[in-house]
Amino acid sequence: MTTETKRFTYTGPAMVSTGEATAILPTETTPPIRIFGTESIRETFDVLCMQQAINSRTAPGVTDLVLNPDAHCGYGAPVGCVMVSPTHIYPGPVGVDIKCSMSLLQLDLPAEAIEDRKTRRALISAICQRTPTGAGRGQRSVPQSRHVNRTLGQQLVVEGASRDVCKALGIPTDWAFRCEDSFHVGHDDSPKSLESRLDELLGRRDMTNFSEKMQQLGSYGGGNHFGECEVVAVGQSDRARDTAKAFGLIDGNVAFLSHCGSRGFGHNLATGQFNSLQTKFVRWGIPLPAGDRQLVYAPLGTDEANDYLDDMALGANFATVNHLLINSLVLEAFREVIPGAQGNLVYFISHNIARKEIVDNRSAWVHRKGATRAMPAGHHSLAETPFAKTGHPILLPGNPRDGSAVMVADDGAAASCFSVNHGAGRVLGRRHAKRVLDQTTVDAELDAGDILSNCRKYPIDEAPAAYKDFNEVLRSVKTAGLASEVARLKARFVIKDASKADD
DNA sequence: ATGTGC
């Protein structure tokens, strides 16, 4: 990972431990950063990551910065941070994959229904046919019954998972209530500005591939994206059991966890914004925060901020419909292999998005870059949702060896701007992982756990050992009072991008 | 993350 941070040098500001949360004390140049991590987790934050945190904290208009236990170097700001500004929007700290998210589908099947390896192989095949992995168009080998034409594409990036869009794609319309946000509006708080912004974009050379990008709907992509079949293990406490019930989780049953984002469409929008803002900063001679062009920003109310907010919403709407369609296709695949199978969406929640929320009694943009919203029971934002009395589900991917987790926020989450981590967090860079990890060991480990995969060789840079200790990450969140565990998810098979397995 | 990179 390279970064262009130059102006600030991290010299290790004094750290004060308050329980498991650690605060960096303000110095002349460094206002406070709230860090959540046990001692061993804090050792995983390298100098570059800390420098990015300081750069982000000291950037114009930023009032809060939270560093979560899964933090590591990112684009401008660390992956695994929350950055709050009432006055500015930062495209880099939203990220290159706008609204990269998690979703969980609960099936009515007991674990025994997929115990047989042949059944799991059949499921892998049925799912891969419908929801392709890897870069590019995401060719499907089943009839394109849910084809996305240009008109529907334009509608869905403006409306998100509206009733009409769901119906057109065969997505159960009530799944919209199981979304953190089922749609995103433009900078004027209406879909109007999205329509006109889309018109403007479609007239430009870099959006001539719009129809092609819409064909990627219902696909995973590559990198850390995945689909994973799980068995749910609800926690032992009364609260875990009650919360699991409210979430619609069924102990001992099969579930399907998905991780993906806005694919090429979101990538186009994000990189288009980075380039355009970086050009303007140079042309207008505006100093870059910490000299890092990855931290370009736009003050709210400017045309630049409005355009970014519109583009972010367009990308986010694509990601939303992408996730819901994937879940619907996965359910269809289950029904093909196990006729009569029923499934319901538990939740769909992002970890790469900026949301307008109330922070310290004023409206601010909360940039969650590899961070998950964590609002507890009674939070005003949940009043109109099915999760007003429990807090919403928090979906945290760990790794196929150690499992994943469903959590729920506690009142202490106010300290982290109502956020937790988004997963385990990288501890080895991709190149590093390929050099030091052994393919045979990685595959043997999954095999020992009877975890099947569509990949003959599991992508080595995605191996569990390339990520932080998931249990220690969760311990950081729990002991800091941010969230509690509701259930663990035990992997039974994993679907990853196999295209680069033989590198 | 990405019609994957100068």
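Throughout, protein chains are lettered first and strands after them, A, B, ... in sequence-line order, and every chain is numbered starting at 1.
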Distance, rounded to the nearest Å, where A/Asp97 contributes CG and B/dG3 contributes P: 10 Å
Whole angstrom value for the distance that separates C1' of B/dT2 from CD of A/Gln273: 17 Å
Distance in angstrom units between A/Gln215 CD and B/dG3 P, rounded: 14 Å
Separation of atom CG in A/Asp497 from atom P in B/dG3, rounded to whole Å: 11 Å
Under 3.5 Å side-chain donor-acceptor pair for A/Thr38 and A/Arg475: no
Sugar-phosphate, base or nothing in reach of A/Gly222, heavy atoms under 4.0 Å: sugar-phosphate
Atom pair distance, as rounded to whole Å: NE2 in A/His259 and C1' in B/dT2: 14 Å
Interatomic distance, A/Leu269 CG vs B/dT2 P [rounded to whole Å]: 14 Å
Atom-pair distance (CG on A/Asn209; P on B/dG3), nearest Å: 9 Å
Candidate pair A/Tyr90 and A/Tyr308, rule ring-ring contact (aromatic ring centres under 6.0 Å, His included), full reasoning: CA-CA 9 Å; A/Tyr90 280 80; A/Tyr308 178 73; over 10 Å; no
Residues A/His259, A/His422; criterion ring-ring contact (aromatic ring centres under 6.0 Å, His included); working and verdict: CA-CA 11 Å; A/His259 177 210; A/His422 80 310; 7.4 Å; no
Spacing of A/Arg263 atom CZ relative to B/dT2 atom P, expressed in whole Å: 5 Å
Sugar-phosphate only, base, or nothing, as touched by A/Gly261 at under 4.0 Å among non-hydrogen atoms: nothing
Sugar-phosphate only, base, or nothing, as touched by A/Gly95 at under 4.0 Å among non-hydrogen atoms: nothing
Parallel, tilted or perpendicular: ring planes of A/Tyr297 versus A/His88, cut at 30 and 60 degrees: perpendicular
